[in-house]
Amino acid sequence: QVQFAESGGGLVQPGGTLTLSCAASGSIFNAMGWYRQAPGKQRELVATISTRGTTTYTDSVKGRFTISRDNAKTTVFLQMNSLKPEDTAVYYCASYPPPYAYAWGQGTQVTVSS
């Protein structure tokens with residue numbers, strides 16, 4: 001099984017920029033997604049990227065976030081611009097769709113606050 005490790009989170013001011021990385025233990029041969037979960041809320045899908053590089057975004061991040069991958073297909077990125085306090089959450093990466101009963105990892109915390 002391919003393992004994923006998220007990194008790049010941190011504390012940023014509103015309007016700031018942060019780029020998250022998702023490093024895979026092997027090449028990724030399927031679609032990938034970034035997910036996030038804020039306290040007291042359900043985990044939500046933020047963005048996806050297909051094997052061909054086609055991307056999708058949830059409405060709340062359209063125009064602000066960009067999902068991409070490296071040419072070796074071992075890392076997926078999420079560039080987050082114009083960050084808002086409501087973007088505060090733990091961010092996770094996984095296949096899209098995630099495997100049934102997927103065991104979510106630690107993720108990376110993104111906190112947007114002044």
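Residue numbers run from 1 in the order of the sequence given.
Listed for the Gln79 side chain is no donor-acceptor partner under 3.5 Å among the backbone atoms of Thr66. Thr88 places a side-chain N or O within donor-acceptor distance of the main-chain N or O of Val112, the cut-off being under 3.5 Å.
Heavy-atom minimum distance, Asp87 versus Ser82: OD2-O, 4.5 Å. Considering all non-hydrogen atoms of both residues, Ala38 and Ala89 come closest at N-CB, 3.8 Å. The two residues Val90 and Gln106 make their nearest non-hydrogen contact at CG1-O, 3.5 Å. Between Ser50 and Ala31 the shortest heavy-atom distance is CA-CB, 4.0 Å.
Rounding to the nearest 0.5 angstrom, the gap separating the CZ atom in Arg36 from the CZ atom in Arg43 is 13.0 Å. With rounding to the nearest 0.5 Å, the separation of CE in Met32 from CD1 in Ile67 is 7.5 Å.
Listed by chain and residue number, Arg69 satisfy the side-chain contact (heavy atoms from CB on, under 4.5 Å) test with Lys73 (two or more places apart in sequence, or in another chain). Scanning for side-chain hydrogen bond (donor to acceptor under 3.5 Å, both in side chains) contacts around Thr75 gives an empty result, with sequence neighbours left out. In this structure, Ala5 has no side-chain contact (heavy atoms from CB on, under 4.5 Å) partners at least two apart in sequence or on a different chain.
Sorted by first and then second residue, the ring-ring contact (aromatic ring centres under 6.0 Å, His included) pairs with a member in residues 95-114 read Tyr35-Trp104, Tyr92-Trp104, Tyr102-Trp104; sequence neighbours excluded. Residue pairs meeting the ring-ring contact (aromatic ring centres under 6.0 Å, His included) criterion with at least one partner in residues 44-82, sequence neighbours excluded, do not occur; the list is empty.
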Only pairs under 3.5 Å count here: list side-chain donor-acceptor contacts from residues 15-27, not counting sequence neighbours, and write none if there are none.
from  : atom 1 : to    : atom 2 : distance (Å)
Thr17 : OG1    : Asn81 : OD1    : 3.3
Ser25 : OG     : Gln3  : N      : 2.8

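Under the side-chain hydrogen bond (donor to acceptor under 3.5 Å, both in side chains) rule, Thr48 has a single partner from Thr56, Thr54, Thr58, which is Thr56.
Around atom CD of Glu86, more than 12 heavy atoms belonging to other residues, nucleotides or ligands sit under 6.0 Å away.
Contact annotation: the side chain of Ser95 approaches that of Asn30 to within less than 4.5 Å [non-hydrogen atoms, C-beta and beyond]. Side chains of Arg64 and Met80 form no contact here, defined as non-hydrogen atoms less than 4.5 Å apart.
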